[in-house]
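Excluded from the calculations below are hydrogen atoms, water molecules and symmetry mates; all remaining heavy atoms, backbone and side chain alike, are included.
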Protein chains: 2
Amino acid sequence: MMWDMLAFGPHARDGNWISNLPSVPTLDDVARSAGVSTATVSRCLNSPERVVEHTRKRVMAAVEQLGYTPNFGARVMAAKRTFTIGAIIPTMENAIFARGLQAFQEALHARGYTLLVASSAYQPKIEEEQIRSLVARGADGLLLIGHDRDPAVYEYLRARSIPVLSAWVYLPDCDQPTVGFDNRASMRALAQKVIDFGHRSIAMISGITEGNDRAAARLAGLRDALSDNGLDPGAVPVIETPYEIENGSVAFRTLMQGDTRPSVVMCGNDVLAVGALRGAREIGLSVPDDVSITGFDDIELARIVEPQITTLHVPHREMGRRAAEALIDIVEKRNSGASIELQSSIQLRGSLRDLRV
Amino acid sequence: MMWDMLAFGPHARDGNWISNLPSVPTLDDVARSAGVSTATVSRCLNSPERVVEHTRKRVMAAVEQLGYTPNFGARVMAAKRTFTIGAIIPTMENAIFARGLQAFQEALHARGYTLLVASSAYQPKIEEEQIRSLVARGADGLLLIGHDRDPAVYEYLRARSIPVLSAWVYLPDCDQPTVGFDNRASMRALAQKVIDFGHRSIAMISGITEGNDRAAARLAGLRDALSDNGLDPGAVPVIETPYEIENGSVAFRTLMQGDTRPSVVMCGNDVLAVGALRGAREIGLSVPDDVSITGFDDIELARIVEPQITTLHVPHREMGRRAAEALIDIVEKRNSGASIELQSSIQLRGSLRDLRV
DNA sequence: CTGAAAGCGCTTACAG
DNA sequence: CTGAAAGCGCTTACAG
């Protein structure tokens, strides 16, 4: 896309006095100025190899001289593509999505695509509205977080031939492609480690599981581990609460007021874990001496607090990048859309006590 | 925009078996189905009050029945508007931009606009490329961070009649509208407080000032306060470094190795301040007993570390929201584009010691 | 209040 | 390798 390289410099400025009235040059102007047809100009811009060098040079000179930039709408309409990818995430305010989205955008840009963004605030209704909105804006493909939503959404997208990719989850058997990790297995592994450390009284502060398959899978993973070890998965105290620091603090204090204090509180993500840590401080409990805490995600916060939080590291940036690449491959029909699994890894830190020592 | 309300439900599904081949219905299909002209259908969708209820109802029924959604490219081309606003920020990974952008997007959505996002990584060249890219994608207006950039950029935008708004700065005399706060006066006020507390030996860890007018203004604000108090603004040790926690830590240790240890290290933002705090811990210095630290922004991090960081609170969410509203007002020619000033406020916390007590 | 028709600025078979 | 021309699906004066 040569036209993408047009400098701001001299040309843009030259154009100015010639057309102070916003008469942006069109393909036609370029064609006339170069003495060729509009078809040839179009080819120079889109498939230069199909034009002989001699004329191509003349055309490109005219393009620069006039400071020509293709009209977006016309191009979209004729080509039926916008080179735009939409992403709908719960919120940009959580570092994991900000980070993933940043990497997603960078990868998109590297391939000549632009990012259209919307947020759902974890509300299915808002998400559906945003999906329609991005589709109406001509998104060539869509990135969504998680996969648990009304089937009508997927039908809507399929009817319009708009590729979707679900990130943050890995569902090999899904008919839609996914790029992510196994939330359930990850939490199960962490819980196993917690149990290995001698903990038997486990509580959980979970994100809201309704409409959030990642949160639900994490909770299920904890239950898996309990069952694996002959513990009663139904006996775990669980508090579900939106992912906010303050909520983690409140939930933690509530859990500690019960008759049997847990020896460890596992949290649905690091934000809740940091809140739990604060809650512990507020009621004078020492972590990990009095109670252990674990998180999920491994955001910066997890290593900044004292003690640092034992958590699951999730490769957010890589997930964003690979989601972008996979989605573009599908949009450009270069690939059928197989799911990609990324690995999480346990980060043992000060907030989890090994009761065996 | 009624068409925006089309449900996913029955209609989308009904359409399916009729056209398993992706033959998306067009305006023409609707017109034929309702027995009116395309002009009338278009009016029903865009200015319903100009169509008599009787026919409007018939048309809307056809719209729903066919599951019609306007073609984006055609609409853009004919209307010469995309209802899309572009934003280019340094990075989504800094919480302040993530938060501001989130609010910006929400406000955009409330007004029927969609957000196109790109990031510059604080690189002017990348930013210029992104500006061209978003313009090429038909952005109706642009949000940029700060105002210090090549004048050719503004000429380019003006030649294309694309409104720009600079956020994070407040420049009343600028010919472009700005929505933000006075970085220089804010830092000056905080530095004055620091001096009032008895500090005389002040050092600063600044962001890179080249090409970043916010960072430069903050440093200038510190110098202002020093001059105000008869101190030598040229004598302040200053280290400029990119906004990363680790850099703050390194810079802090470097500053502490000098002959005359500062009694306070003021940081260009909270990220650097948190890094400085970590640096202090690493070399066994106690904050604020051995040395004080201040930040800028008041992100969550500032209240999570121990001690909490004295900083300047900046209303990021409000800034994002008001920037969106101001920009749309300009795009829709409802307002001339006056700048809006927001206020920052000093948050005194544990990391700053009052030497007088 | 409604319709016929031009026009928006490209892309892309189809010829040559 | 290049051009004439149709067509993409809307919006919007202009008539009536």
Side-chain angles (χ1 to χ4, degrees), chain A residues 1-4 22-60 62-63 66-83 135-138 140 160-161, chain B residues 1-4 22-60 62-63 66-83 135-138 140 160-161:
Chain A
M1 289 199 269
M2 284 297 287
W3 56 271
D4 224 324
S23 76
V24 180
T26 69
L27 237 212
D28 219 74
D29 297 326
V30 176
R32 206 167 318 144
S33 160
V36 298
S37 72
T38 58
T40 298
V41 178
S42 177
R43 282 189 205 103
C44 284
L45 266 17
N46 299 303
S47 24
E49 73 284 357
R50 297 181 52 198
V51 180
V52 79
E53 184 177 350
H54 169 251
T55 54
R56 196 195 324 146
K57 272 195 171 157
R58 199 148 38 98
V59 170
M60 293 318 289
V63 165
L66 297 175
Y68 171 73
T69 303
N71 173 283
F72 175 70
R75 168 173 272 232
V76 166
M77 182 154 125
K80 302 187 187 314
R81 297 194 48 192
T82 60
F83 286 95
V135 166
R137 254 65 178 187
D140 289 339
R160 284 163 182 70
S161 312
Chain B
M1 289 201 269
M2 284 295 288
W3 55 270
D4 225 325
S23 76
V24 180
T26 69
L27 237 212
D28 219 73
D29 296 326
V30 177
R32 206 166 319 143
S33 160
V36 297
S37 72
T38 59
T40 298
V41 179
S42 177
R43 282 190 203 100
C44 285
L45 265 18
N46 298 303
S47 25
E49 73 283 357
R50 299 180 52 197
V51 179
V52 79
E53 184 175 350
H54 168 251
T55 54
R56 195 189 331 139
K57 273 196 170 153
R58 197 149 39 97
V59 170
M60 293 318 289
V63 164
L66 297 174
Y68 170 73
T69 302
N71 174 283
F72 174 70
R75 167 172 272 232
V76 166
M77 182 154 123
K80 300 187 188 315
R81 296 193 51 191
T82 59
F83 286 94
V135 167
R137 255 68 175 185
D140 289 339
R160 284 163 181 70
S161 313

Contacts of B:A39 and B:N71 projected onto DNA chain D by closest heavy atom; the upstream (5') one is B:N71
Taking atom C1' of C:dC10 as reference, at what distance in whole Å does atom CZ of B:R137 sit?
-> 15 Å
Base, sugar-phosphate, or nothing for A:V76, non-hydrogen atoms under 4.0 angstrom?
-> nothing
Residue A:Y68, side-chain heavy atoms: nucleotide from D:dC8, C:dC10, D:dC10 that is nearest = C:dC10
Nearest to the side chain of A:A78 - D:dG9, D:dT2, C:dG9?
-> C:dG9
Closest to the A:V52 side chain: D:dT2, C:dC10, D:dG9?
-> D:dT2
5'-most contact on DNA chain C (nearest-nucleotide basis), B:S37 vs A:G73, goes to B:S37
Note, A:V59 side chain near A:V36 side chain (heavy atom, < 4.5 Å) | yes
Whole-Å distance separating the CZ atom of A:R32 from the C1' atom of C:dG9 | 13 Å
Heavy-atom pair with the smallest gap, counting every atom of A:A62 and A:A34 | CB-CB, 4.0 Å
Looking only at heavy atoms, what is the nearest atom pair of A:L45 and A:Y68, with distance?
-> CD2-CE2, 3.6 Å
Considering only the P atoms, how many Å lie between D:dC1 and D:dA5, rounded to the nearest integer?
-> 23 Å
Given C:dT2, is OP1 or OP2 found less than 4.0 Å from the side-chain N or O atoms of B:T55?
-> yes
Nucleotide D:dC8, atom C1' - distance to CZ of A:R81 in whole Å | 16 Å
Criterion side-chain hydrogen bond (donor to acceptor under 3.5 Å, both in side chains) on B:T38 and B:D28, from CA distance to verdict = CA-CA 6 Å; B:T38 59; B:D28 219 73; 5.4 Å; no
Rounded to the nearest Å, what distance is computed from the CG atom of residue A:N46 to the P atom of nucleotide C:dA13?
-> 12 Å
State whether B:S42 places a side-chain N or O below 4.0 Å from either non-bridging phosphate oxygen (OP1 or OP2) of D:dT11.
-> yes
To the nearest angstrom, the CG-P distance between A:L27 and D:dG7 comes to 19 Å
Sidechain-backbone polar pair: B:R56 side chain, B:R43 backbone, donor-acceptor under 3.5 Å | no
Watson-Crick or G-U stems of DNA chain D, 3 or more pairs, under 3.5 Å, by first number | C:1-3 with D:14-16, C:5-12 with D:5-12, C:14-16 with D:1-3
Return the minimal non-hydrogen interatomic distance between B:R160 and A:G67, and the atom names on each side.
-> NH2-O, 3.4 Å
Rounded interatomic separation in angstrom, taking CE from B:M77 and P from D:dG9 = 11 Å
Using heavy atoms to find the nearest nucleotide of DNA chain C for B:R58 and A:D28 separately, return the residue whose nucleotide is more 5′.
-> B:R58
Protein-nucleotide distance (B:D29, atom CG; D:dC10, atom C1'), rounded to Å | 13 Å
Taking the side chain of B:R43 as its heavy atoms from C-beta onward, which of C:dA13, C:dG3, D:dG9 lies nearest to it?
-> C:dG3
May I ask you to check whether over 12 heavy atoms, not counting those of B:R81, lie within 6.0 Å of atom CZ?
-> yes
Write down the distance between CZ (A:R50) and P (D:dT2), rounded to a whole number of angstrom.
-> 11 Å
Nearest heavy-atom contact between A:T82 and A:F72 is O-CE1, 4.1 Å
A:V51 near the nucleic acid: base, sugar-phosphate alone, or nothing, with a heavy-atom cut-off under 4.0 Å?
-> sugar-phosphate
Which residue lies toward the 5' end of DNA chain D, A:T38 or A:E49, if each is placed at its nearest nucleotide?
-> A:E49
